[in-house]
Amino acid sequence: AQTVTQSQPEMSVQEAETVTLSCTYDTSENNYYLFWYKQPPSRQMILVIRQEAYKQQNATENRFSVNFQKAAKSFSLKISDSQLGDTAMYFCAFSPGATSGTYKYIFGTGTRLKVLA
Amino acid sequence: EAGVTQFPSHSVIEKGQTVTLRCDPISGHDNLYWYRRVMGKEIKFLLHFVKESKQDESGMPNNRFLAERTGGTYSTLKVQPAELEDSGVYFCASSQDLRGTEAFFGQGTRLTVV
């Protein structure tokens, strides 16, 4: 079965510093998709960054970047120059590729990140 | 453009009662998903609609849960009768395409069964 593990329930970082959130997953598939979603307090989840497994280059979106290690099945999120608005719950998610008969997302338990002023 | 909206935002009901949650996806999105997060645990998949058809309902916990999407627009998720373990946050999401595309989430409905 496919699983996603986020081993850090809570983290904190000083404003303007860099923080890395970890995520590991388990799958037997070769092609799939990985996501980081962010849920600010009392707000809806929004996509932070997306990675296609067949692309070796790590995805980057402004201050957010990933370290995708396919062989190790690791997908960590790095937030640079942390801002107060980055305070949120972060969820790592996996979506299977074309050979799978399902389209659902599989989520980790989340990491609650607090950015300190 | 309006995002995914869910009603109600909170619901507190007694064990044995019925509750109906509603989700309005983004207009034009054929794919609609329901997920649930029990406190402190992962977000778990419940089911997936493509238009009005159930594509995958493998995550539905039992027959007390009934999801519908009449006309391929909004969807409802009914829990009847509710049990204590049904408490959690129910998320709805929609997407335009199937594979690997961004799913847009609603704010969730926090259901508390007492």
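Numbered from 1 within each chain, the chains take letters A, B, ... in sequence-line order.
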Heavy-atom count around [X] [atom1] within 6.0 Å, excluding the residue itself: above 12?
X       : atom1 : answer
R22(B)  : CZ    : yes
K73(A)  : NZ    : yes
K114(A) : NZ    : no
K78(B)  : NZ    : no

- Query: Is the backbone of E102(B) close enough, under 3.5 Å, to the side chain of Y33(A) for a donor and an acceptor to pair up by distance?
  - Reply: no

- Task: Pick one of side chain, backbone, both or neither for R110(B), based on which atoms fall under 4.5 Å of a heavy atom in chain A.
- Result: neither

To the nearest 0.5 Å, tell me how far [X] [atom1] sits from [Y] [atom2].
X       : Y      : atom1 : atom2 : answer
K104(A) : L47(B) : NZ    : CG    : 11.5 Å
T3(A)   : E42(B) : OG1   : CD    : 9.5 Å
Q107(B) : R43(A) : CD    : CZ    : 7.5 Å

- Message: Counting the benzene-type ring for Trp, do F105(B) and Y37(A) have ring centres under 6.0 Å apart?
- Response: yes

- side chain to side chain contact (heavy atoms under 4.5 Å, CB included) with I46(A): which residues, sequence neighbours excluded?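 Checked I46(A) against side chain to side chain contact (heavy atoms under 4.5 Å, CB included); matches are K38(A).
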
Verify the cluster assignment for [X] and [Y]: are they in a single hydrophobic cluster under the rule of side-chain heavy atoms below 4.5 Å apart?
X       : Y      : result
F45(B)  : F65(B) : no
L46(B)  : F94(A) : no
L34(A)  : W36(A) : yes
L113(A) : V48(A) : yes
L21(A)  : V13(A) : yes

- Message: Quick check: under 4.5 Å, non-hydrogen atoms only, which of residues 57-68 of chain A neighbour chain B?
- Response: none

- When only heavy atoms count and the cut-off is under 4.5 Å, which of residues 80-93 of chain A reach chain B?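 Interface residues of residues 80-93 of chain A: M89(A), F91(A).
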
- Pairwise side-chain contact, M45(A) with I43(B), heavy-atom cut-off 4.5 Å (strictly under): yes

- Item | Aromatic plane relationship, Y35(B) with F107(A) - under 30° parallel, 30 to 60° tilted, over 60° perpendicular |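 F107(A) and Y35(B): perpendicular rings.
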
- Item | Residues of residues 82-93 of chain B with any heavy atom under 4.5 Å of a heavy atom in chain A |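 Within residues 82-93 of chain B, the residues that come under 4.5 Å of chain A (heavy atoms only) are F91(B).
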
- Item | Interface moiety of Q6(A) toward chain B, non-hydrogen atoms closer than 4.5 Å |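 Neither part; nothing is under 4.5 Å.
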
- Query: So, for K41(B) and T109(A), which heavy atoms are closest and what is the spacing to 0.1 Å?
  - Reply: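 Minimum heavy-atom contact is C-CG2, 4.0 Å.
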
